[in-house]
S.K.: 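Here you go, one structure.
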Amino acid sequence: MPEHIEKLAGVAPAMKTPRAAAWSAQRRQEWLASAAIAIVLIGALELAARNQWISAMIVAAPSRVMAVLAEGIADGIYLRNLAASMGALVAGFGLAFVVAVVTAGVLSSSRFLERVLTPYIVAFQSMPKVAIAPLVVLWLGFGELSKIAIVAIVCFFPMMVNTLQGLRNRNVDHYELLQSLGASRWQQFWKLRLPHAVPYIFAGVRIGAIFALIGVVVAEFVGTNSGVGFAMLQAKAQFDVPGVYACLVLLMLMGLTLNALTTVCERWVAARMGTTVDGAGH
Amino acid sequence: MDGNLTARANGVAAPEVLLRFSEVSKTYRTAQDVDAVALRPVTASLNKGEFVSLLGPSGCGKTTLLKMAAGLVRPTSGSITLADGAPLQPGCYGFVFQAAALLPWRTAIQNVLLPAEVLGLPRAAASRRAAELLEKVGLASATHKRPAELSGGMQQRVSIARALLHDPALMFMDEPFGALDAMTREELNLELQRIHLNFGKTVLFVTHDIEEAVLLSDRIFVMSAGPGRMLREISVQLDRPRSLETKRDPAFHHLVSDIRELLHGAARAAS
């Protein structure tokens, strides 16, 4: 019997290798196909723009866009605007994150509060938050402060609602386990409800990051004189089509960066979830 | 039949009472505002170092009685106290759930360490003990695995190690092996007996498996459903340590079939 098991154990990895190789070959093909699509699309745009097949008011040649981008970065304008947008985004998002988690923590620890406030949360959630942007500008004026506020309002709800859902760990055994050890409500929060909420919080953060980017662009459209959104409006006003595209590329880069940051944070927390949460508890 | 069921005179010194159940009952109020009796008043006691099983069909109130003993469910009437009349404090016993109830985001050893964190025990000593306990339940290699990577039997071993971490004198176990396959179950039964004998733990054990109850227990509280109540207390006088050989002992068989008759008789009378 043991020889049998050994044999099986010996055979298994040998069988795995070709399969793994096949899998990575397939991955490589998928990557190549993705890259090919990008090359074809960019090439087609370049051709269409250069030969004036499409009006220069509609499409800018990718090479022109890259040139404008390089120029703008070199003379510092884009970097300044990028910094302004990123700064407001990070500040607004960070503020919203902290307030969202704390609010969810308070709401989830009192059924009364949760029930009383749920209709308001639902009402606010069903309103498109960017529509508040003009009002916020009226309140806080033209500038950084309203930008941060708009970002925070826009990304607060998805993070709060997700966290709230995660904090409602409904596993009765888990509660009885902690009860059997005489755990305090505080310990219940740190040992049970918060770690249970971590994946939900990250789901909220992912949505929140996208919303924050939308928020920052809208804020820059309606009420500031800095940032990538503002630079885009300026380019539009001057009929600078490559400039508008360059700003779109910058926004896309911002989005990709945010996404990558979220993934890194998520991996880091997931890898050491038990221990980080313990550390926070003491 | 009665010859097997009645407790024979005990040759050992008078047992010391650990937990006293006085007229404990539980009535739930249903959604339709109707009172449903989960358990009729029970008066009994649990002695120090003893292994007692609560045995009966589902709906007999055995889990309710166990959870009332642990203070997880409040009795409708009556009380459960220590010998000196004080109520049992949370944290001074171990509880093993039917589903292992491991926290999925923690590794095996982090799960075992949970009681130490909640009770504020010294960390280094607790870590050493957790590693030892995992080794004792045969899971040294699974120390840093998460519950999802463990089989049902392994998860239940982790949860037993967790219940033992703070070295409680008393263990409550709610059908801990109910969801396991027969072989794993027998293996864990013997392991539990070892823990009971070696560490001198008092165990209150819920099961619906007659053979499991007879194999493990010093005494069995046989319970019946509709409404939940305690039928009879049965003393099991089989030599320890018991093994799978014990299951071939005619005395074992007699006891099992007597209890089966008792339970079936009660079920017939109830229906």
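Convention: sequence-line order gives letters A, B, ...; per-chain numbering from 1. Worth knowing before you read on, the calculation uses all heavy atoms, side chains too, and leaves out hydrogens, waters and symmetry mates.
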S.K.: May I ask you to decide if B:Gln98's main-chain N or O and B:Gln156's side chain share a donor-acceptor pair within less than 3.5 Å?
M.R.: yes
S.K.: Under a 4.5 Å heavy-atom cut-off, does chain A meet the side chain of B:Leu88, its backbone, both or neither?
M.R.: neither
S.K.: Checking A:Gln179 against chain B: side chain, backbone, both or neither under 4.5 Å from a heavy atom?
M.R.: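 Looking at A:Gln179, backbone and side chain both touch chain B.
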S.K.: Side chains of B:Thr184 and B:Asp181 only: does a donor on one sit below 3.5 Å from an acceptor on the other?
M.R.: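 Short answer, yes.
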S.K.: Specify which of B:Leu114, B:Leu119, B:Asp174 makes the most heavy-atom pairs with chain A at under 4.5 Å.
M.R.: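 Highest number of heavy-atom pairs under 4.5 Å: B:Leu114.
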S.K.: With respect to chain A, which residue among B:Pro115, B:Gly71, B:Ala70 yields the maximal number of heavy-atom pairs within a distance under 4.5 Å?
M.R.: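 The residue among B:Pro115, B:Gly71, B:Ala70 with the greatest pair count is B:Pro115.
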S.K.: Please check if the distance between the ring centroids of A:Phe202 and A:Tyr200 is under 6.0 Å.
M.R.: no
S.K.: I'd like to check B:Leu82 versus B:Arg20 (side-chain heavy atoms, cut-off strictly below 4.5 Å). Are they in contact?
M.R.: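 A side-chain contact is absent here, since even the closest heavy-atom pair is not under 4.5 Å.
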